[in-house]
Amino acid sequence: MVRRPVPPLVNVGRAYFYTGAAQRFPFQVTSCGHFVVGEGFYTERDKREDYQLLHTLEGAGYLIVDGVRREIPTGSYVMIDCSRYHYYAVNGNHWVYDYVHLAGDGMKPFLDNAFTLPLLFFPSEDTMLNSYMSTILNTHIQDDIVGYSQACALGASILNEIVKECARSEQLNAKEIGEQGKRNIEGALLFMRCHYMETITLDDLVRETYMTKYHFCHRFKQITGMSPYQFLVRVRIENARKLLMNCDDTLYAIAEQCGFGDAGSFIRHFKRITGQTPGELRAQYRKRIGEE
């Protein structure tokens, strides 16, 4: 981690270094603090095994993750996966923010299923999230089993409030999100049609959409009537049909060209969708061509 502060800089923080019993809790508060920074301040890091929740109180900053710049204005919260390379800095002449670092075995499974990081949203002034942040900043957490339990509960409460705030934000912006979501889904459909021969994961599809995995899958099924995986299989079968009728490649070669792991999987999916095996389709097509 590298920091290059330019005065004025105020860093009021506290670190908790837990070992043993604390590490068995699913959520841990590893550090927290309050920053007041001036022009020129930045933080650059990666490969740190925790997550940072940052709340802008005054001024503004910006965040760069995966080469994409995102503004962090007053009132916003941003959750950063610190294992990925990221860079954030003051945007203007000052920036005031609170932060808390969260770790634990429960963090990654929870966030992978709930969000596509970084997560940026704008809570109401009276949100409970503000209260939990204040509690962490103003409470000395004891280095004992009671303290570990308290830190775990606060971490879980923060994540729960983030889920609620995101849901509220989505409801308030349903129309705008719906229109953007449709454009995102159309982009995902195009991506699958262009890259069907490659290994495609759900992470690949949602990475550029800034939608949660749940929201992406829900919207995808609303628009297409099927899951992303079901649609991808149909795109692969569609292209396999063309190859079966227009080339002499073996079923093994066609299965590989169309992104199936093996010929057995290809044949099973093909028969389920078309009602016949690839060999039956090819023979039927050649017989019809021969008769013509």
Side-chain angles (χ1 to χ4, degrees), residues 1-5 9 11-19 22-37 40-57 60-73 76-91 95-123 129 132-133 135-137 141 148 151-163 165-166 201 203 206-208 210-213:
M1 180 178 67
V2 178
R3 283 198 174 100
R4 185 181 63 192
L9 169 66
N11 174 15
V12 180
R14 180 170 57 251
Y16 302 103
F17 300 100
Y18 292 147
T19 58
Q23 295 180 356
R24 293 196 291 270
F25 282 81
F27 308 111
Q28 303 167 38
V29 178
T30 59
S31 65
C32 60
H34 175 79
F35 262 38
V36 179
V37 299
F41 168 87
Y42 74 88
T43 293
E44 181 180 22
R45 63 189 167 204
D46 66 354
K47 298 180 181 178
R48 175 169 168 162
E49 296 302 317
D50 64 0
Y51 297 83
Q52 181 180 19
L53 180 64
L54 189 152
H55 181 205
T56 296
L57 304 173
Y62 66 89
L63 168 70
I64 297 176
V65 177
D66 297 333
V68 179
R69 172 169 168 155
R70 298 172 175 84
E71 303 304 315
I72 312 178
S76 67
Y77 276 88
V78 62
M79 177 75 87
I80 305 169
D81 179 354
C82 296
S83 68
R84 295 161 56 182
Y85 171 80
H86 60 282
Y87 174 103
Y88 59 81
V90 64
N91 187 8
W95 187 19
V96 182
Y97 65 86
D98 290 337
Y99 70 90
V100 59
H101 280 277
L102 298 167
D105 291 340
M107 291 294 299
K108 183 173 177 54
F110 182 94
L111 293 172
D112 281 352
N113 283 289
F115 311 113
T116 299
L117 295 179
L119 169 73
L120 184 69
F121 62 98
F122 305 85
L129 188 55
Y132 291 131
M133 287 286 285
T135 298
I136 290 175
L137 287 165
I141 300 176
Y148 307 152
C152 180
L154 284 169
S157 296
I158 284 175
L159 294 176
N160 182 57
E161 286 304 312
I162 289 175
V163 171
E165 287 293 337
C166 286
T201 67
D203 286 335
V206 303
R207 185 171 291 118
E208 301 301 324
Y210 310 117
M211 300 166 71
T212 68
K213 290 181 181 179

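Quick note: residue numbers are just sequence positions, from 1.
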Quick one: are [X] and [Y] in side-chain contact, heavy atoms under 4.5 Å?
X   : Y    : answer
I72 : N91  : no
L53 : I162 : yes
V68 : L63  : no
L54 : Y77  : no

When rounded to the nearest 0.5 angstrom, what distance separates [atom1] in [X] from [atom2] in [Y]?
X    : Y    : atom1 : atom2 : value
Y85  : K47  : OH    : NZ    : 12.5 Å
H86  : D46  : NE2   : CG    : 8.0 Å
Y51  : H101 : OH    : NE2   : 13.0 Å
S157 : Y132 : OG    : OH    : 4.0 Å
H34  : L137 : NE2   : CG    : 8.5 Å
D98  : F35  : CG    : CZ    : 11.0 Å

- Message: If the condition is side-chain contact (heavy atoms from CB on, under 4.5 Å), which residues does A89 pass it with, not counting sequence neighbours?
- Response: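 A89 satisfies side-chain contact (heavy atoms from CB on, under 4.5 Å) with Y42, Y62, Y87 only.
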- Please check if any side-chain donor atom of D81 sits under 3.5 Å from a side-chain acceptor atom of S83, or the reverse.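 Yes, side-chain donor-acceptor contact under 3.5 Å.
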- Check whether more than 12 heavy atoms from other residues, nucleotides or ligands sit under 6.0 Å from atom CG of N160, and answer yes or no.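 It does: N160 CG has more than 12 such atoms within range.
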- Given the side-chain rings of Y97 and H55, with only the six-membered ring counted for Trp, is the space between their centroids under 6.0 Å?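 No.
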Closest non-hydrogen atom pair, [X] against [Y]:
X    : Y    : value
L102 : G155 : CD2-CA, 4.1 Å
M107 : L159 : SD-CD1, 3.8 Å
W95  : A60  : CG-O, 3.5 Å
T56  : P73  : CB-O, 3.4 Å

- Message: Checking side chain to side chain contact (heavy atoms under 4.5 Å, CB included) between Y88 and each of E44, R70, R45, which is the one that passes?
- Response: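 The single option meeting the side chain to side chain contact (heavy atoms under 4.5 Å, CB included) with Y88 is R45.
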- Task: Not counting sequence neighbours, which residues clear salt bridge (Lys or Arg N to Asp or Glu O under 4.0 Å) with E71? List them please.
- Result: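 Salt bridge (Lys or Arg N to Asp or Glu O under 4.0 Å) list for E71, sorted by chain: R69.
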- Not counting sequence neighbours, which residues clear salt bridge (Lys or Arg N to Asp or Glu O under 4.0 Å) with D50? List them please.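 Counting only residues at least two positions away or on another chain, D50 forms a salt bridge (Lys or Arg N to Asp or Glu O under 4.0 Å) with R48.
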